[in-house]
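What follows is a set of notes on a single structure, which appears directly below.
A quick note: this is a predicted structure, and the numbers were derived from the prediction, not measured.
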Amino acid sequence: MPRTPTGESVLARGARVVEAFDAAHPVLSVTEIAQRTGLHLATASRLAEELVKLGWLARDPQRRLRLGMRLWEVATRAAPTLSLREAALPVMEDLRKVMGHHVQLAVLDGEEVLFLERLGAPGAVINYSRTAGRLPAHASSSGLVLLAHATPEVRERAVSARLERFTEATITSAEGLRRAIAEARRQGFALLRGHVHEDAAGIAVPLRDPDGTVVAALSLIVPNDDVALARVPLLQAAALTITRAMRTAAPPSS
């Protein structure tokens, strides 16, 4: 594969262009892509043009760029989380109707939580997460649940990372994070009060595949009040329902 004088491949530079887009920057000019990637303007322009031809990027009438439908198609078709999301979505919708609060499905990616799905509830408490968005694992109830069932190596990387403070309640010490992870594993759920926003509490439970392996976290974002803990049993029942749906949808073994 052709490489630049710095040793970076063309594919790697193309990936940097694609990764310049996020929820806060869904549309970018070539100049903005160059700034966000650190690529030379001519290089960013050339790569963007190639990606447009492939359908991975698309231009709007002002010739600004956005992610293309072809990229979405390929990612959706091949995503290993597709069956998980399909099994979870109907249960999440029911949970939102019953609870009247935000419902989320998340997986662990490094030291961050990646939200595969987020169903918002009108008039519910503030929630900073979004579908395909991320939060640091140490500040998220989903993150604590997933770290509680991760490998020791993954947990240690998370504990050793810089622990950003969002509020006075946010866990910012390695020892505090270790205790919170151990508690989440012991009690089978995580409840974080005011760790990202003072008025909100996150409740998360592990979501297991049919083999019993924790593959995701199911969570609610609710008001930071005395009723938060009482919502755990319903969330656990929803997670069990999703596991059963995944078992039903799984293809028979050969």
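- The heavy-atom pair separating Ala169 from Gly194 by the smallest distance is CB-O, 3.5 Å.
- Rounded to the nearest 0.5 Å, atoms CZ (Phe189) and CG (Leu229) are 5.0 Å apart.
- Taking CE of Met92 as the start and CG of Leu218 as the end, the distance is 6.0 Å to the nearest 0.5 Å.
- Of the residues Val113, Leu116, Val215, the one that meets the side chain to side chain contact (heavy atoms under 4.5 Å, CB included) test with Val107 is Leu116.
- Not a single donor-acceptor pair under 3.5 Å links the side chain of Thr243 to the backbone N or O of Pro210.
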Begin from the C-alpha positions of Phe21 and Leu65 and carry the test side-chain contact (heavy atoms from CB on, under 4.5 Å) through to its verdict. CA-CA 9 Å; Phe21 297 86; Leu65 295 152; 4.0 Å; yes
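- Atom CD1 in Ile221 sits 12.0 Å away from atom CE in Met99 (nearest 0.5 Å).
- Closest approach of Val103 to Leu220, counting heavy atoms only: CG2-CD2, 3.7 Å.
- Put simply, the side chain of Arg46 reaches to within 4.5 Å of the side chain of Arg13, judged on heavy atoms.
- Of the candidates Gln104, Arg118, His101, Ser219 forms a side chain to side chain donor-acceptor pair (under 3.5 Å) with just one, namely Gln104.
- Nearest heavy atom pair, residue Ala180 against residue Leu144, reads CB-CD1, 3.8 Å.
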Kindly determine whether Arg59 and Val52 satisfy side-chain contact (heavy atoms from CB on, under 4.5 Å), including the steps that lead there. CA-CA 7 Å; Arg59 292 191 184 276; Val52 168; 4.3 Å; yes
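- Remark: the backbone N or O of Pro136 is not paired with any side-chain donor or acceptor of Ser140 at under 3.5 angstrom.
- Under the 4.5 Å side-chain heavy-atom criterion for ILVMFWY residues, no single connected hydrophobic cluster contains both Val159 and Val145.
- The minimum heavy-atom distance linking Leu95 with Ala238 is given by the pair CD2-CB, 4.2 Å.
- With Arg193 contributing its side chain and Asp225 its backbone, the two residues share a donor-acceptor pair below 3.5 Å.
- Hydrophobic clustering places Val222 together with Val98 (ILVMFWY residues linked when any side-chain heavy atoms are closer than 4.5 Å, directly or through intermediates).
- Counting non-hydrogen atoms of other residues, nucleotides and ligands closer than 6.0 Å to CD of Glu168 gives a total of 12 or fewer.
- Side-chain heavy atoms closer than 4.5 Å link hydrophobic residues (I, L, V, M, F, W, Y) into clusters, and following such links, even through other members, never connects Val27 to Leu47.
- The shortest distance between side-chain heavy atoms of Leu207 and Val214 does not fall below 4.5 Å.
- Considering every non-hydrogen atom in both Ala139 and Thr170, the closest pair reads CB-CG2, 4.3 Å.
- Residues Ala201 and Leu191 come closest through the heavy atom pair CB-CD1, 4.2 Å.
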side-chain contact (heavy atoms from CB on, under 4.5 Å) between Arg36 and His25, intermediate numbers included: CA-CA 10 Å; Arg36 288 177 61 79; His25 305 87; 3.2 Å; yes
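- Here CD1 of Ile242 is found 13.5 Å from CZ of Arg208. Values are rounded to the nearest 0.5 Å.
- Here Glu156 contributes atom CD and Thr151 contributes atom OG1; the two are 10.5 Å apart, rounded to the nearest 0.5 Å.
- The environment of Asp226 atom CG is sparse: at most 12 non-hydrogen atoms of other residues, nucleotides or ligands sit within 6.0 angstrom.
- Placement of Leu84 and Leu114 within a single hydrophobic cluster is found when ILVMFWY residues are connected by side-chain heavy-atom separations under 4.5 Å, directly or transitively.
- Considering CD of Glu164 and OG1 of Thr172, their distance stands at 11.0 Å, rounded to 0.5 Å.
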Derivation and outcome, side-chain contact (heavy atoms from CB on, under 4.5 Å), residues Val196 and Thr167: CA-CA 6 Å; Val196 177; Thr167 70; 5.8 Å; no
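- No side-chain heavy atom of Asn224 sits under 4.5 Å from any side-chain heavy atom of Glu198.
- Looking at Glu111 and Arg134, no side-chain N of the basic residue comes within less than 4.0 Å of a carboxylate O on the acidic one, giving no salt bridge.
- Under the 4.5 Å side-chain heavy-atom criterion for Ile, Leu, Val, Met, Phe, Trp and Tyr, Val232 and Leu105 are members of the same hydrophobic cluster.
- The backbone N or O of Asp211 sits less than 3.5 Å from a side-chain atom of Asp209, completing a donor-acceptor pair.
- Within the 4.5 Å cutoff, the side chain of Leu89 has heavy atoms near those of the Glu93 side chain.
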